[in-house]
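Input: a single structure, listed below in structure tokens.
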Amino acid sequence: QVQLVESGGGLVQAGGSLRLSCIASVRTFSIYSMGWFRQAPGKEREFVASISRSGADTDYAVSVKGRFTISRDNAKNTVYLQMNSLKPEDTAVYFCAARLSSYSGSIYYTDSYYPYWGQGTQVTVSS
């Protein structure tokens, strides 16, 4: 069983930055593709970013591209989401997700592809 625990959320003013972390309790973190998703009140959960097993491949939602950076440290079983130039519309609960991946370059965009999820961390951006 994979357990994921997010941290780093909080309240920040528009234009500010936050770094989210997600630590995974697995033996071999490097075989999992990882993703970040978010869910705002009254809205469906949406894709934010994804990273391949090695970290060499990443992709982002259009709404965050150029402002957010996903990265991972396989030695620490941790994936990060650096969020810069935050906007009020980034306010949401942010979730990390994991999927066992056979291919080193695989990244996934759909939440149904990820069987393992964290409990989420709240990010609130004030205007």
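FYI, the numbering just counts along the sequence from 1. Please read all numbers here as calculations on a predicted model, not as lab measurements.
For S54, the side chain to side chain contact (heavy atoms under 4.5 Å, CB included) partners are S52, A56, not counting sequence neighbours.
A chain of hydrophobic side-chain contacts below 4.5 Å, direct or via other Ile, Leu, Val, Met, Phe, Trp or Tyr residues, connects V123 to W36.
Judged purely by atom type and a 3.5 angstrom limit, S106 has no side-chain atom pairing as donor or acceptor with the backbone of S104. With hydrogens and angles ignored, the 3.5 Å screen pairs a side-chain donor or acceptor of N77 with a backbone N or O of A24. Looking only at distances, a side-chain donor or acceptor of E6 sits under 3.5 Å from a matching main-chain atom of Q119. Counting only distance, with no hydrogens or angles, the side chain of D59 and the backbone of A49 share no donor-acceptor pair below 3.5 Å. R67 places no side-chain N or O within donor-acceptor distance of the main-chain N or O of M83, the cut-off being under 3.5 Å. In this structure a side-chain-to-backbone donor-acceptor pair under 3.5 Å is present from S25 to Q3. Using a distance-only test at 3.5 Å, with no hydrogens or angles considered, a donor-acceptor pair links the side chain of T91 to the main chain of V125.
Every pair tested for ring-ring contact (aromatic ring centres under 6.0 Å, His included) that includes a residue from residues 49-78 fails, sequence neighbours excluded, so the list is empty.
Within the 4.5 Å cutoff, no side-chain heavy atoms of Q39 are placed close to those of E46. Side-chain contact check for L81 versus V48: some heavy-atom pair is nearer than 4.5 Å.
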Check the pair N84, S17 against side chain to side chain donor-acceptor pair (under 3.5 Å), reporting the backbone distance first and the verdict last.
CA-CA 4 Å; N84 298 329; S17 298; 2.9 Å; yes
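More than 12 heavy atoms of other shown residues, nucleotides or ligands fall within 6.0 angstrom of atom NZ in K65.
Taken to the nearest 0.5 Å, the OH atom of Y94 stands 10.5 Å off from the OG1 atom of T121. The distance from atom OG of S71 to atom CE of M34, rounded to the nearest 0.5 Å, is 11.5 Å. The distance from atom CD1 of I51 to atom SG of C96, rounded to the nearest 0.5 Å, is 12.5 Å. Distance CG/D57 to CD1/I70: 11.5 Å, rounded to 0.5 Å.
At least one cation-pi condition fails for R99 and Y32: the charged atom is not both under 6.0 angstrom from the six-membered ring centre and inside a 45 degree cone around its axis.
Here F95 is tied into one hydrophobic group with F37, F47, V93, I107, Y108, Y109, Y113, Y114, W117, each link being a pair of ILVMFWY side chains closer than 4.5 Å.
Remark: the Q122 side chain and the T124 side chain contain an N/O donor-acceptor pair separated by less than 3.5 Å.
The minimum heavy-atom distance linking S30 with R72 is given by the pair CA-NH2, 4.2 Å.
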